[in-house]
4 protein chains.
Amino acid sequence: MSPRTKKQLDEIKKDKHGIILNAALIVFSENGYHSASISKIAKTAEISKGLIYNYFESKEALLNEIILSGLAKLTGFFNPNNDGFLTEDEFDLFLNSLTKIIKENISYWKLYYSVILQHSVLELLKEKIMEFTQGYFTILINYFSRHNSKNPEAEAMLLTTTLDGLAIAYVNDPEQFPIDEMIQLVIKKFK
Amino acid sequence: MSPRTKKQLDEIKKDKHGIILNAALIVFSENGYHSASISKIAKTAEISKGLIYNYFESKEALLNEIILSGLAKLTGFFNPNNDGFLTEDEFDLFLNSLTKIIKENISYWKLYYSVILQHSVLELLKEKIMEFTQGYFTILINYFSRHNSKNPEAEAMLLTTTLDGLAIAYVNDPEQFPIDEMIQLVIKKFK
Amino acid sequence: MSPRTKKQLDEIKKDKHGIILNAALIVFSENGYHSASISKIAKTAEISKGLIYNYFESKEALLNEIILSGLAKLTGFFNPNNDGFLTEDEFDLFLNSLTKIIKENISYWKLYYSVILQHSVLELLKEKIMEFTQGYFTILINYFSRHNSKNPEAEAMLLTTTLDGLAIAYVNDPEQFPIDEMIQLVIKKFK
Amino acid sequence: MSPRTKKQLDEIKKDKHGIILNAALIVFSENGYHSASISKIAKTAEISKGLIYNYFESKEALLNEIILSGLAKLTGFFNPNNDGFLTEDEFDLFLNSLTKIIKENISYWKLYYSVILQHSVLELLKEKIMEFTQGYFTILINYFSRHNSKNPEAEAMLLTTTLDGLAIAYVNDPEQFPIDEMIQLVIKKFK
DNA sequence: GATGAATGAGAATTCATTCAT
DNA sequence: CATGAATGAATTCTCATTCAT
């Protein structure tokens, strides 16, 4: 999810695995998981249907890998020096980075949020997502326990769900929703 | 021997209509719209597949009626005397009622949020939802314009997305998510 | 198929059997046998679906009875005094009567011709139709054997198929097709 | 190991396309369009149901292609040098060729006539058929205007419907109906 | 690795027919 | 006699997945 150099992009392009992943992300996010067909993904990736099954076990495995590899890219970001310590400036930076991350990967987050609202599939996926969420949740609790006497867990949790709410509203209508203004308001309310 | 009276038939119809609607809500919310099959709904309702089509034109019509009749129930609630005026006490009451409404209809709101995150289908449905959303958005703007000098629209928008975020978190894990505590925090932050 | 008096029509109207038959003829001829549903027939007849099954064993039985009762009405017409003797004037009258019969029962003949081109159903029906056809075929052979030395059977057969061809063209586009002019030409060619 | 060449694939496609078309013609003509199921066609073609949809968009598209490709084969025949000029010998040839064409494609013509007697479907198809029919109608009018002073249009129209009548009688009972003898009689009557 | 023809399970929907009332 | 709710088999069509090449 972090910005990629041109060279990295070229490598991904050459790599069939990455090509398929990108095509699938686009098709999934445009059509929704169930309406997205393997055929459409293959056409988007400009390869054959069969080849997808050389790289991925199933349509569901493809979805899982998209979601998880997206999260994996974030992991480093939220816990850079593994100390989980946020200054006030870093808190602002943290929130603003979030916006940037979402803006640069609208397709991904569109898919992400539509997926977490589906029961049936995805028990495994949910666990992994939980795991990841813990990481940045911890950072937030730590921050609030230093700034906000009463109930840091609750504060962190509210911030998390608020950001989810914002992200959902934004990916649903990126042209209209004033995500930056909203984030500034959040910063004011949670500082 | 003699055919059933019109009254008897009307009752049968009303009952079955409700039974199908309930079954569909459960199956839709557990599986998501696309994975929920008419077969599964029929089995849940303990009727035949064909009967569903005596009561609803199509799978999509069934979804529409579920979503819209759910919203219709809310309409009266958010605009009781049609003035859209909220006192501070009413603001608290408003938020707490929201929780109650969500708690009592977890399946419905699970479905509702999974639907608004789907692009493919449902243009008509989205319009109707927008219409409804406007109603309570107006009330909030009105409230904030009396309490919060700076930017009532932004404030109302943030509250709306925050509540959506909370609702989504809650319906995804009703056992764990401390919705009441969260709402209290929201009240504090937005008053 | 012969014109009915007003009283006869009223009797038919009162008679459910006849009502159903009429409704079915209309719906069959407008939609074709397979696309015509029992529901539509019931609606057209302004009765319930179930009642149709009090009078007819099945949809197919209904079709059979329509076709056969239509033919039965013709039987008397073509063999009034059972002698099968046609003068030249009667020959003209015969052909002109045919036109009249078709014009007055477009729906019936539309259905009739669409039915005889379907293999699957209707073995029984075909036999009955054959039987009927024989009747007026005989009359024609008799006529031609008195007027046309060479091959009366062939002449009669050609006239029959020619008339079928005309009838089909007419029922397919009654507004445009100049059936009367055509019949006059036929009279000229076969006299 | 290596994928099939484009040429191989094209051959497979062409073959299967033809196999499906043949099977569909048989099943359609035996059962009528509505009673002919995709399942039956697949079974006749000895392939899976799904494959039919790799080659044809829908059941209706399949019917259209059968009918239209059949007509296309005729186009060249009736308008060889595009002048629409028929000598008397050519007129005889024309009629005799017609018989041959029908005899060699009984299934096709059975289907053709059952289709033009159906209202429901097929508006597009009917238009195309009209277009084609015009072509040979023009040739006939031209012929009769040179041979028959009175009313060439009527003459051409009667010949057309007569031939339709003959064709229908023949395809309904190819074993019994003396099509050749009939055609000779037609030639005599229309020359 | 790569292709895409082929499969078959399953989806939504229709509709003739039954039957309790 | 009459009703229409209810059934379930059959239909068209889709699509993830397989596999010969």
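We name chains A, B, ... by the order of the sequence lines, and we start the count at 1 in each one.
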Categorize [X] for me: base, sugar-phosphate, or nothing, with a 4.0 angstrom heavy-atom threshold over every strand shown.
| X | value |
| --- | --- |
| Ala42(D) | nothing |
| Phe56(B) | nothing |
| Ile52(B) | nothing |
| Ala36(A) | sugar-phosphate |

Indicate yes or no: at least one non-hydrogen side-chain atom of [X] is less than 4.5 angstrom from one of [Y].
| X | Y | result |
| --- | --- | --- |
| Ile116(C) | Tyr112(C) | yes |
| Asp10(D) | Lys14(D) | no |
| Phe28(B) | Lys110(B) | no |
| Lys16(C) | Leu51(C) | yes |

Item checked: Residue Ser37(B), side-chain atoms from C-beta onward, closest of dT14(F), dA16(E), dA11(E) -> dA11(E)
Item checked: Gly50(C) or Lys49(D), whichever maps to the more 5' nucleotide of DNA chain E -> Lys49(D)
Notebook entry, point to check: Relative to the 5' end of DNA chain E, which residue comes earlier, Ile38(C) or Lys59(B), by the nucleotide with the nearest heavy atom?
Noted result: Lys59(B)
Note to self: Nearest whole Å is fine: how far is dA5(E) C1' from Glu11(D) CD?
What the structure shows: 15 Å
Checklist line | Dot-bracket summary - DNA chain E, pairs being Watson-Crick or G-U whose distances fall under 3.5 Å, with | when paired to another strand | finding: .||||||||||||||||||||
Check: With Tyr55(A), which residues qualify under side-chain hydrogen bond (donor to acceptor under 3.5 Å, both in side chains), at least two apart?
Finding: none
Next item on the list: To the nearest 0.5 Å, tell me how far Ser37(A) OG sits from Lys43(A) NZ.
Entry: 7.5 Å
Check: On DNA chain F, nearest-nucleotide positions of Tyr53(D) versus Ser48(C): which is more 5'?
Finding: Ser48(C)
